[in-house]
There are 2 protein chains.
Amino acid sequence: MSRSKRNELLEKALIAFNRGGYYAVGMDRLVKETGISKTSMYKHFKTKEDLIEAVLRLRDEKFRGWLVGRIDSLAQDPVGRLLAMFDALDEWFHTKEFRSCMFIRASSEYPDSNHQVYKVSAEHKRLILNYVTGLAQQAGVEDPILLAKQLLLLKEGAIVTAHMLGPDGVQHTAKEAAKTLIYASLKKAPTPLAESIPQSAPDA
Amino acid sequence: MSRSKRNELLEKALIAFNRGGYYAVGMDRLVKETGISKTSMYKHFKTKEDLIEAVLRLRDEKFRGWLVGRIDSLAQDPVGRLLAMFDALDEWFHTKEFRSCMFIRASSEYPDSNHQVYKVSAEHKRLILNYVTGLAQQAGVEDPILLAKQLLLLKEGAIVTAHMLGPDGVQHTAKEAAKTLIYASLKKAPTPLAESIPQSAPDA
DNA sequence: AAAGAAGTTGACAGATCGGTACACTTTCCA
DNA sequence: TGGAAAGTGTACCGATCTGTCAACTTCTTT
């Protein structure tokens, strides 16, 4: 399969799986929605689950690329970037394609921790945590590892809540919480960076 | 179907769906794992999805009953109860049956918001939010609705993270964040209840 | 232009899917 | 005790599932 054909398959399969779910969308439906023959698919992917794994890897690459780039363009300082993550997420929540996180869903449909689909999903989350930990370290907070994990909880909670209860207000709720946590962690931080933070509460 | 037989079916179906997923576990597998004939199942549930809905309703009842009861036994004051929610969740995270939340998974496998399975899942989350809002109101925080939503984000994030990255440490991360949020909200609260909080930071 | 690579089409295999039907067995109750 | 209710077991239906195959078409490269 040419690289462009393979990429086209993965892009279109990603859309189909996001819309309908991994189990619910079968190979015949994929043929219809991608316009690529089943024989071609099986030339490049040994099984349907191999295809799903490749789709998740593509999604990981695209999502993390988008998230980091979007955050970088929304804010320039580390603290600003930690908060900007929730602004970026909010943009995603309000797209019409938004249906929770493909990795949360993959680990839901494939809950067995020995399964490759689950492992790829878990790896995605670890990579995001690493990135946020880096921002937290740059921000000079007292416990960047703890803060990063907490912000990740807010992020995952925001995703699930936006999908199950609707996206409106989720960004505000999460961002206010993030501010409080970051502020609290900065107040205790021993580094000079913290001195740039006003001694008042976070903005209302 | 007698009430006891129906309940037995729902209990065993709940276990099967939790372990393997709603789509992945078919009716023939359910027959094997519940010991109840397919004819009996279809006497009481028009479709497989009706059965799934009933399973989710049972799970909602059991889980919320357990959560409220567990929280009540872990703490007596509203602030303590808000924090105790994360201790209760941690117990659940470390059970061998834990595989994320059945409602998160249901809304993942049935992402269409018009679908009944999705609706039952969303309703479950609203009921939990209502309960936590009640605790936050009793706690006398400045903005109980916002705090409750934030604690819900932490709760949902904790569930997803415990499933995808393992349960260890999640309770601590979430509870510390909850303490910070509650403390910050109490410091601003105009009610006399807040005066019982020491003017120092939350416990380390 | 020709050969090889890549892809398509349609049929197929074997399995599984949700759901139904029917003959039978077991349980319950008057 | 007997009839009704409830449940079981098995076969079956039509549809769909993943995956394979063969004959063919299209594209690419030499």
Rounded to whole Å, how long is the line connecting atom [atom1] of [X] with atom [atom2] of [N]?
X        : N       : atom1 : atom2 : value
Tyr23(A) : dT18(D) : OH    : C1'   : 12 Å
Glu49(A) : dC17(D) : CD    : C1'   : 13 Å
Ile36(A) : dT26(D) : CD1   : P     : 18 Å
Met41(A) : dC17(D) : CE    : P     : 13 Å
Met27(A) : dT16(C) : CE    : P     : 18 Å
Glu8(B)  : dG7(D)  : CD    : P     : 10 Å
Phe45(A) : dT18(D) : CZ    : P     : 15 Å
His44(B) : dG19(C) : NE2   : C1'   : 18 Å

Between [X] and [N], is there a side-chain N or O to OP1/OP2 distance below 4.0 Å?
X        : N       : result
Ser37(B) : dG7(D)  : no
Tyr42(A) : dT20(D) : no
Thr39(A) : dG7(C)  : no

Any donor-acceptor pair under 3.5 Å joining the side chain of Lys5(A) to the base of dG7(C)?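 Answer no: no donor N or O sits under 3.5 Å from an acceptor.
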Quick one: does Lys38(B) reach the base of dG19(C) with a side-chain donor-acceptor pair under 3.5 Å? yes
Which residue, Gly35(B) or Arg29(A), contacts DNA chain D at a nucleotide closer to its 5' end, judged by nearest heavy atom?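 Counting from the 5' end, the first nearest nucleotide belongs to Gly35(B).
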Regarding His115(B) and Glu49(B), do their side chains bring together a donor and an acceptor under 3.5 Å, going by distance alone? yes
CG on Leu10(B) to CE on Met41(B), rounded to 0.5 Å: 10.0 Å
CD1 on Ile52(B) to CZ on Arg59(B), rounded to 0.5 Å: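 Nearest 0.5 Å value for the CZ-CD1 distance: 15.5 Å.
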Looking at Ile145(B), I want to see if its CD1 is surrounded by more than 12 non-hydrogen atoms of other residues, nucleotides or ligands under 6.0 Å.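 Atom CD1 in Ile145(B) is not crowded, with 12 or fewer foreign heavy atoms closer than 6.0 Å.
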Could you check whether the rings of His163(A) and Phe98(A) sit parallel, tilted or perpendicular, using 30° and 60° as the cut-offs?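 His163(A) and Phe98(A): perpendicular rings.
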